[in-house]
Every structure is written in structure tokens, then in C-alpha cells.
Amino acid sequence: DMAAYFGTMIRKLQVTYRSTNSMTLPGFAPQAGFMGQTKFNDLYAPGFDFAFGFFGDDFVAKAKEQGWLSGDTTVVQPASRSMTNDFDLKLTLEPFPGFKIQVNGKRYAAESSSIIYSYDQLQENMTGSFNITQVAIGTAFQRIGTADDNFASATFDQFLTNRDLLTSRVQRQYDDMVYPNAGFIPAELRGKKYDRKYGAIGSNSADVLVPAFLAAYTGRDANAVNLNPFLGLLQVLPNWSVTFDGLGKLPWVRDQFKSISLTHAYTCKYAIGSYSSYSTWIPGTTLDNKQVGFVRDVETENPIPSSAYDISTVNLSETFSPLIGLNMTMKNSLFAKVEYRKQRNISLNVNSVQITEGHTDEFVIGAGYTIKDLSFIAKTSGGSQKKVSNDLKINVDVSYKDIKTLLRKVEENITQASSGNKVFGIKISADYVLSQKINLQFFYDHQGTTPLISSSYPVRADNVGINIKLMLTR
């Protein structure tokens, strides 16, 4: 019975996964035969896996190793590869009548690379972008201090703690390694055990800052957070929206209200806007493991531990739209709504080693009333009188919004407000259809802004007027 109950909860399930891969390989020497294959050095080239589109990231290295690539130095065009992976999950649940839950999860990754294979060591340059749905609700309601206490934040303090812990975690990946026997690695270090004195993990590197940021602002354990900034499919966390209109079915509510509903929605996305690769990077273990390797120090020429990815910024955006909302329509044509919305936009800038936090809290109270069949006598151009009867719709919205943007400098542990306002607004409108071609609207808007920082000044704005909409279509 329980299995049947949960089975009937699911109203709709849609899972979509799209993957596109392409490769262009100039200088491929073997001639194409049946299904594009030909025997070359006792192997089919380029291989049936390639013919059916199943080629790995190491295909160019494989082709070079097997002698499939031309050694002609006039072939200067690099090999190119592009890839996109798009996963989308949509689920609709109805645990009981009137209570609906929409669940969605998404992961998107796009990457393109050019590979120069003319030298002994492959040189790969990558660019791409990435985003995935996450849940950061565990830190969404932590208190933000004032200027008097440096806008104190337990989440930011946790980030600073995580930075030290992650520095040690990332460093331990290299302590038992040996230097690669390839690339720019000096001859005296090749094949020898890694030594920190020639280059160690920096606490301000992207390999440390990104997982420390993700752990702190999503409420995860820094000892368990994934060191790979490109979270996998199994790390997709769903977002949701909830609607409940079952209250309208209660007898005492049904007698007074035409409809009444509660709403809630949550979205959170972790994104790497764009990234590239280090031109001097060489892998520390295998070619397909781009999390562990070395880049060349431009001053000392020594190998510095680093992943292949040059990430400048990562973002975490979170929205409650609304956190809680109530919409009511009474049988006497009076309707009202109450909403509380909350939003966070957090950005880590690796280059400048700082975090920008944008916080928005908004309260909205609205009410309206429809006067049915409001009539009056209008005089036509011919002097005759004509009765006009239509509904008059009156709306009033009152809102309060608190917006602030904080700039947190990691090294100095200093926070300053870069912008922010407290905005109080009132909107009043009355709409009436005068005829089939003329709509009238009276409106009044008031907005008062009080700035967070002293370099700005308060602003008050009032707009009042009448809109006349003429519809000239036949």
C-alpha cells in the first residue's frame, strides 16, 4: 500500500541528458577505408570507437603515440575538440490533493580546447563554462553584522578557516608524488620525489579558494568537500517550488473565500562563468586527471603544484521567490497578497582574493478590489447619451526592500559596504475600460530610498498621472 501511495504521488517525471562531442584533427595520416577505418601499424585507425563518436580526452595523445599524425611541420593548425553536457531533471509531486511540489535539477558543462601536437609534449589550451543546481539553505539565514563589527559573518569566518584546512588537503595530494619526466620540469628534478621547497600550494590559489568557498557558503564539511570545482552528476541537488491551495476546501474558508493559496520557491545555482587553462601545465599523474599537475613559475622556472584550470571567478546565487507567499481572493471581489522574498548573490574573485556578497530582503503587501459593473452616462459626439458599464479594478501594493552589497577582502579580513539601499514603495492604480477602444488607468507611485553608505544621499520620488490606451485595430 505504501508503494502504491508513493507511486500515485508522482504526477510527472522528465529526465533529459544531452551530450555533444566533436573533434577536428588536421594532419591525420592514414587513408579512410570501410567505415572510415584502415589498418595502420596493426591497428584500425582511427578506431571504431572514434567512428561511433566515443573518443576520450586522450585521443590525440593516443594518435600521436600510434604514429597516426603527420610529422609535416607545415601542418600548423592545432587539433580542436568541443564538448557540451546538459542534464535536466523535472519532477512534479502531489502528496495529497491541493499540495503540489515542482522539483528541478540541472547541470551544464561546456568546454572547447585546441591541442598542439607538433612538440614532444602536447600543449592543450582549454576554455569553458559550468553551472549546477545546489542547496545553500543552511547558511541563508545567518546574521550579517553592521559596520561597527566589520559586518561580521559566521559564514565568512568559516571560509577563512576552510582556507587553511583546504591548503593542507590539496598539498597532501602532492607529498608522495614524483616530478614528471616531461615538459619544462628541470632535468635535475625529473623523476625525483616532490619537494615543497621548489614550490608549494598557495592558500590563495583557485585549487584552495574554490572548494573552501563552496564548503563555507553551502554549509558543507571542508574535510569532505570535493576538490574538483566541476561537480559531477551525482552532486546535482534539486531546487523546488511548492503550492498549497487545500485551505480553500475547508467549509468555513470555502464560505468566505473564492481561492486561497500558499506558495514557496527556492532556487540555487553554483556557476563558473568562464575558465581557461595554463599554457605551461603538465599532468602530475595521468593526462585525463587535470586536478593534479604542475605549472612553471615565471620567476624561478620551478614547477608549482596546480590544476590545469585557470579559474578567475565562481558564483553562488540563491533566491527565495518567495520564501513564503499568501494569495487570497474573497467572494466579495476583494483580494490580497503577502510575500517575503530573499536573495543572495555571492561571487569569489580569485585574482583579487575577495568575496562580493549581495543580499536582498523584500516584503510585499498587496490588496485589490473590483467594483463590478460601475456605470455612468457618457455623451457621444452626436449629442446623444450612452450608458457605459464595466468593472473598475483598484490595486494597492506596499513594499519594503533592504539591499546591501558587501566587499570582503580575504587577506586583510576587512569588509566594507560598496553599495546598498533601503527602499519603501507604494503603488496605487485604478483601471477602467471606457469602451472597446479606450482603456483608462489612474496611477500613483511613491518610492523612498535611504542609502547604506554615507557617500550617497536619500532620494524621494513620486509619480502620478493618467494613462489612456487607444486600440486602433479593427
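Closest approach of P303 to I185, counting heavy atoms only: CB-CD1, 3.6 Å. Scanning all heavy atoms of the two residues, the minimum distance from C268 to L316 falls at SG-CD1, 4.0 Å. Taking each heavy atom of A222 and N162 in turn, the nearest pair found is CB-OD1, 3.4 Å. Nearest heavy-atom pair across K409 and E412 is CB-OE1, 3.3 Å. For R408 against L406, the heavy-atom pair with the smallest separation is NH2-CD1, 3.6 Å. The minimum heavy-atom distance between P180 and G284, with the atom names listed, is CG-CA, 4.2 Å.
Counting only distance, with no hydrogens or angles, the side chain of N302 and the backbone of G199 share no donor-acceptor pair below 3.5 Å. Side-chain N or O atoms of Q235 include none that pairs as donor or acceptor with a backbone N or O of N226 at under 3.5 Å. Without hydrogens or angle criteria, S261 side chain to F244 main chain gives no donor-acceptor distance under 3.5 Å. At least one donor-acceptor pair under 3.5 Å links the side chain of N150 to the backbone N or O of T415. No donor-acceptor distance shorter than 3.5 angstrom exists from the side chain of R196 to the backbone of I201, with no hydrogens or angles considered. A donor-acceptor pair is defined here as one N or O able to donate and one able to accept, closer than 3.5 Å; no such pair exists between the side chain of R81 and the backbone of N21. Checking side-chain atoms of N289 against main-chain N and O of Q291 turns up a donor-acceptor pair under 3.5 Å.
For K401, the NZ atom sits in a loose shell: 12 or fewer heavy atoms of surrounding residues, nucleotides or ligands are nearer than 6.0 Å. The environment of Y457 atom OH is sparse: at most 12 non-hydrogen atoms of other residues, nucleotides or ligands sit within 6.0 angstrom. For R460, the CZ atom is densely surrounded, since the number of other residues' heavy atoms within 6.0 Å is greater than 12.
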Assess the residue pair T127 and S112 against the criterion (side-chain hydrogen bond (donor to acceptor under 3.5 Å, both in side chains)); give the C-alpha distance rounded to whole Å, side-chain angles, the decisive distance to 0.1 Å, and a yes or no. CA-CA 6 Å; T127 59; S112 61; 3.1 Å; yes
Using the rule given for side chain to side chain contact (heavy atoms under 4.5 Å, CB included), can you reason through N239 versus V103, listing the C-alpha separation, both sets of side-chain angles and the distance that settles it, and then say yes or no? CA-CA 6 Å; N239 299 162; V103 179; over 6 Å; no
Verdict with supporting geometry, Y309 and F230, ring-ring contact (aromatic ring centres under 6.0 Å, His included): CA-CA 10 Å; Y309 304 106; F230 304 96; 4.7 Å; yes
Run the numbers on I137 and F320 for side chain to side chain contact (heavy atoms under 4.5 Å, CB included), then give the verdict. CA-CA 10 Å; I137 199 169; F320 296 88; 3.8 Å; yes
Determine whether Y340 and F363 satisfy the following criterion, ring-ring contact (aromatic ring centres under 6.0 Å, His included), listing intermediate values before the conclusion. CA-CA 5 Å; Y340 171 45; F363 297 89; 4.6 Å; yes
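Using a 4.5 Å heavy-atom threshold, the side chains of Y270 and F130 count as touching.
When each of Y278, W281, F184, Y174 is checked for a ring pair (Phe, Tyr, Trp, His ring centres under 6.0 Å) with F294, only Y174 meets the rule. Just one residue in the list R341, K269, R344, K342 forms a salt bridge (Lys or Arg N to Asp or Glu O under 4.0 Å) with E318, and that residue is R344. Applying side-chain hydrogen bond (donor to acceptor under 3.5 Å, both in side chains) to E94 and the options R11, K12, K100 leaves one that passes, R11. The one candidate from I355, T356, N349 that meets the side-chain contact (heavy atoms from CB on, under 4.5 Å) condition with L407 is T356.
For the atom pair OG1 of T92 and CE of M9, the computed distance is 11.5 Å after rounding to the nearest 0.5 Å.
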